[in-house]
Amino acid sequence: MQFKKVEKKWREAWKKEGVYRVKDAVKGKKNFYHMVMFPYPSGDLHIGHWYNFAPADVFARFKRMRGFNVLSPIGFDAFGLPAENAAIKRGIHPKTWTYKNIKTMTAQLENMGTMYDWERSVITADPEYYKWTQWMFLQLFHAGLAYRTKAKANWCPKDRTVLANEQVIDGKCDRCGTEVVQRDIDQWLLKITSYADRLLADLEGLDWPEKTKAMQRNWIGKSEGSLVAFAIEGIDQAVSKETLKFRPYLIAPVLSGEKYITHRLESKAVKVGDLVPLINWASKEQFGLARITKVVKDVMKNVSETQDGHEKFKNRKEFYATYAKYYNKVVDDDTAIWMYHFELVSPSIDVFTTRVDTIFGCTYVVVAPEHKLIEALKGQIENYKEVSVYTAKARKKLELDRMMEEKTKTGVELKGIRAINPFTGDAVPVYVADYVLGGYGTGAVMAVPAHDERDLAFAKQFKLPIKVSVAGTSTELGECMIDDGTLVDSGSFTGMNSVAARTEMTKWLKQQDSGSGTINYKLRDWLISRQRYWGSPIPLVFCEHCKTRIESGDYKKGEFTKGELANPGWIGVKEKALPVLLPPVKNYLPTEEGKSPLAHSKSFVNTSCPHCASKGVRETDTMDTFMCSSWYYLRYPDPKNAKQFADPKKLAAWLPTDMYIGGAEHSVMHLLYARFFTKVLYDLKQVKFKEPFMALRHQGTILGPDGQKMSKSKGNVIDPDDLVDRFGADAVRMYLCFMGPYDQGGPWQPGGMVGIARFLQRTEQLYDAYSKGAHTAKRSAKGNPLKKILHQTIKKVTEDIAEFRFNTAVSSLMILLNAMDDQREYIDAEVLEQFLLLLAPFAPYFAEELYRGLLGNKTSIHIVPWPKYAARLAVENEFELVIQVNGKTRDTMRVPKGTTQERAREIALASPKVHAVALGMQVKKVIFVPDRLINLVIGI
RNA sequence: GCCCCCAUGGCGAAAUUGGUAGACGCGCCAGUUUUAGGAACUGGUUCCGCAAGGAUUAGAGGUUCGAGUCCUCUUGGGGGCACCA
């Protein structure tokens, strides 16, 4: 067969006939939304793309033939670093490079024989698309889910530029080899952490690989424990203890990650004893600070909380009165919403622990180098200089270095500061050490060297005492006993087991007002700022005038959105003004201050405030490309809509997606972000479903023939175009299906393709011969023996494709072909047509050529319904009875189905092979599995 | 270090889910055919053995009438997380 010609012929015919055009509704058909993860336009389609798309297309075609109205779209994840690098290297616009690649890959995807509806394609770099990415960002921003904070970025001091993680190789800049440093830059983050619980809980109902779910769970990293406040010794206990019955503190709001609060605190130079405003009820939620809850309850008995974290007041007057009493300022409705007050009495070190049962063994406390307490207690720390040298060094450290030094623990004691264990009343030393992570829990831990390996390593190095508080298998000093056990030497809790002790001790803490039960997550907020050119601009404008008004409280209710109030001065671009277009620039490198290349464009930066029209400057960072891919599945149903991201009716017709196929490398980030987006949109009533991808399947990774990951430098890359030239697109599709289990991947077998090529060739010869009238169907007395195997094959292929077992589906097609070849005289029109139908999803061009070209059908095979198998015909009426003696197979015999145990026994005993081993023995027991086997248990 | 997964001929793999291990394909061997072939076709192909037969699913043990499949340990490979308190 002339592949090239045949493929071209049908591709054009399909296009002309609109065979793959998808309507939003077809009478009598259910919609099925089948998606593959869209590719990054890197240049050429590689074999990995084929492995993703070809079997996925087989599944989509199968579903379509099964009577579903299938939407199987494709697009391009077109923003990203490679385009920018190419642009910098060759001096062309990233857009030129990207769109050229898209053109090439589109042609390749079409050649593949896929049934994508190209009229629904999306490209994330199109302004018509990123307009809605920006719109999505604004939804999050206005809902108060975005905030700005200093976050670390990789900085190359020589190139004076921000580097993406993938541009940092072994801690060095990939361009010049200079050591990369961490630099704090103001960046935007999204509060994905406030969705941690729902992201975790909703995994339950999804038809996803267990492994992927486990990875998401692990990433979210929920752990239950207790929050314990260690009061700091030697800090003046302020008078106000009676005034307000709580011990509030500075640390909580500062830690909350609320830029606004940080700002307030800094500008007001808060001292111990000061009143400190806490901006947002969510901070309490986020950190589970039981005592803040209590405070707020005490001070504002009139405040009730709504489910989503917004507040309402039952009785405003009372609230204002309470407020005025403590803050000496009259407030109105708008300000009141925001202002809760805390009196700073005595700061404490709050630690998070999952093992509060070991607290009697706590011999010191450690805080992370980033911990705000160090700065706050500057005056009290005797060796502050030494400490600041250490923290500065630790903060500069790259993640990589932290890993390398794994075993050796470093740290410095905070001299002059001691923390009081609320259970024992003992004061223990406080250290700063980088083995405690600033971003997890409270950034401080109670160290129990007897029951925690890391604490033990540190204690040994710094010669700190080790105190056993839980008895278990190994309780020797110097050995670590991390298991649960019975508490010893633990005051009134002695004798309890760990599990009970944790509950009781947490209860006690709550009574004492120095702790509570709490839940922590490893998940961190999502940093979306990129100091890069080729991405969607963040649609915000900074306005000094609005900032002043918000901070002074001089604005009307409803004038600013929740997000604008939380980020004073940052104003969202109005929907009408979207998209904020990427400006043309000459230099694609970030600026010396670490701003994105967009900052080079004065006409872009300088603008007017969307709110008050006074002078404003635009945010110049662009968005993480994960933002673009977090919602693209919502766009395919309505890709050209200029008024909405999609018509709600069209969304309802297709979403959520029924099947999503892509690489396991996206198990965490992309899938988690997309789920987060969906949940936010659900809360904002933009969509009616809570999960975007109901079913998920991964394809495996194809390695080079040498078993190594394919890469140009290793020279082990398999070019699909070469294979297509030699064997045709159908053979490549089919071989990829046949290779092995879809989710497994593995090394490429050169030469493996030949088998499929032969199969197709033999099929063609057979059909060719038939069309020339070489065979006439005849019937034997028993009927047509091919019918049975045909119907068995229909059953098998149907079940296999549904379960993504493409390899066994192909093998059963081969078996059928072999049977047809062996019994040519029984081939009839039914066998010929149905075999082709089964083949059609795998080899769309080939099947069409035989169906239309050779068998003379007028319409496409791809609109013919999938064959149904007749159970009656697929059933065998005989089976091979396995005759075992003592569990060992000795003989087999073909017998009719339904053979009774008695009859089977007779047959077995009549077998000479059974006689040979059973001579002189007695049958003690008979195991009989109907229609399968008989096992004689014999002995003397 | 922790968590998860995997291990079957020379190779990719299959196995009705506890019931004939090795389907299907590659490769290899023999033969047929061809001007030639790195083409096509036919037959064979887990290992040992001329055979009868025996052994065999990384290794060792266990449960069972019966284990590739379930349990325990060991070894080897892959993936994820990485000081998560």
Side-chain angles (χ1 to χ4, degrees), chain A residues 209-212 214-219 221-223 225-226 351-356 358 362 366 368 399 402-403 405-409 433-437 439-448 451-455 457-458 482 520-524 664-665 667-668 700-701 703 707 735 738-741 743-756 758-759 761-762 765 796 799 805 807-818 821 879-892 913 916 924-929 931-939:
Chain A
E210 266 316 311
K211 205 177 165 179
T212 305
M215 275 169 72
Q216 293 227 344
R217 280 188 205 108
N218 202 279
W219 191 262
K222 181 177 180 167
S223 62
S226 313
V351 305
F352 172 72
T353 178
T354 54
R355 291 299 307 276
V356 69
T358 65
C362 169
V366 192
E399 292 285 320
R402 277 204 181 190
M403 276 190 252
E405 290 170 20
E406 223 174 322
K407 293 289 168 201
T408 44
K409 300 254 186 296
D434 66 2
Y435 84 91
V436 172
L437 306 172
Y440 182 75
T442 58
V445 302
M446 61 172 212
V448 187
H451 306 293
D452 182 284
E453 282 172 6
R454 295 150 304 176
D455 295 342
F458 189 84
I482 55 167
N520 247 298
Y521 299 94
K522 282 191 218 173
L523 185 69
R524 311 238 191 126
E665 68 272 19
S667 291
V668 177
T701 315
L703 305 172
Y735 178 64
F738 183 62
M739 274 178 54
D743 58 1
Q744 195 175 291
W748 177 261
Q749 305 294 121
M753 287 271 333
V754 177
I756 297 291
R758 281 183 196 146
F759 166 80
Q761 200 175 312
R762 282 174 54 214
Q765 280 165 7
K796 177 91 173 114
E799 288 167 359
R805 291 188 301 250
N807 55 335
T808 48
V810 173
S811 102
S812 56
L813 284 173
M814 290 172 167
I815 293 169
L816 176 57
L817 181 73
N818 290 344
D821 222 355
F879 75 99
E880 195 106 1
L881 176 70
V882 176
I883 300 163
Q884 296 184 335
V885 177
N886 286 347
K888 225 170 211 177
T889 304
R890 292 294 167 182
D891 204 356
T892 63
K913 289 183 180 167
K924 296 197 157 163
K925 196 173 167 189
V926 176
I927 310 280
F928 179 70
V929 183
D931 294 348
R932 194 155 310 242
L933 66 75
I934 182 157
N935 183 13
L936 306 176
V937 184
I938 60 168

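Values below: all heavy atoms of this structure, side chains included; hydrogens, waters and symmetry mates excluded. Convention: sequence-line order gives letters A, B, ...; per-chain numbering from 1.
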Heavy-atom donor-acceptor pair, A:D891 side chain to A:K913 backbone, under 3.5 Å = no
key: Partners meeting side-chain contact (heavy atoms from CB on, under 4.5 Å) with A:V929 (sequence neighbours left out)   = A:R932, A:L933
key: Sugar-phosphate, base or nothing in reach of A:K925, heavy atoms under 4.0 Å   = sugar-phosphate
request  = Side chain of A:F352 only, please: which of B:G79, B:A85, B:C41 is the nearest?
outcome  = B:A85
query = B:A40, B:C41, B:C83: which one has an atom nearest the side-chain heavy atoms of A:Q761?
reply = B:A40
Residues forming a side-chain contact (heavy atoms from CB on, under 4.5 Å) with A:K222, sequence neighbours excluded = A:D197, A:L200, A:E224, A:I519, A:Y521
note = Note, RNA chain B 5' to 3' with Watson-Crick or G-U pairs under 3.5 Å encoded as ( ), [ ], | and . gives (((((((..(((......[....)))((((((.......))))))(((....)))..(((((..]....))))))))))))....
task = Kindly write out the residues that satisfy salt bridge (Lys or Arg N to Asp or Glu O under 4.0 Å) with A:D821, not counting sequence neighbours, or none if the list is empty.
result = A:R762, A:R824
request  = Would you please confirm or rule out a distance under 4.0 Å between OP1 or OP2 of B:A85 and any side-chain N or O of A:Y435?
outcome  = no
message = Suppose you measure atom C1' in B:A7 against the same atom in B:U16; what distance do you get, rounded to whole Å?
response = 23 Å
For residues 879-887 of chain A, tabulate all N or O donor-acceptor pairs below 3.5 Å that involve a side-chain atom, not counting sequence neighbours.
from	atom 1	to	atom 2	distance (Å)
A:E880	OE1	A:R894	NH1	3.3
A:E880	OE2	A:T892	OG1	3.1
A:N886	OD1	A:I938	N	2.9

request  = Please identify each residue that fulfils side-chain contact (heavy atoms from CB on, under 4.5 Å) with A:S812, with sequence neighbours left out.
outcome  = A:T793, A:K796, A:V797
task = For A:T212, enumerate each residue passing the side chain to side chain donor-acceptor pair (under 3.5 Å) test, keeping only those at least two apart in sequence or located in another chain.
result = A:H698
Residues in side-chain contact (heavy atoms from CB on, under 4.5 Å) contact with A:Q749, at least two apart in sequence or another chain = A:Y735, A:P747
message = Would you measure the distance from the C1' atom in B:G37 across to the matching atom in B:U33 and give it in whole Å?
response = 13 Å
Flag if over 12 foreign heavy atoms under 6.0 Å of CD, A:E799 = yes
note = Given protein heavy atoms under 4.0 Å, the one-letter contact record of nucleotides 43-57 of chain B, with B base, S sugar-phosphate only and - none, is simply -----------SS--
task = Look at A:R758 and B:A40 and indicate whether a side-chain polar atom (N or O) is within less than 4.0 Å of OP1 or OP2.
result = yes
note = Reading nucleotides 9-24 of chain B from 5' to 3' and marking B where a protein heavy atom lies under 4.0 Å of the base, S where only the sugar-phosphate is that close, and - otherwise, the string is --SBSS-B--BB--BB
request  = List in chain and number order the residues that pass side chain to side chain donor-acceptor pair (under 3.5 Å) with A:S223, two or more places apart in sequence or in another chain; answer none if no residue qualifies.
outcome  = A:Y440
note = Taken in chain and number order and not counting sequence neighbours, the residues that satisfy side chain to side chain donor-acceptor pair (under 3.5 Å) with A:T353 are none
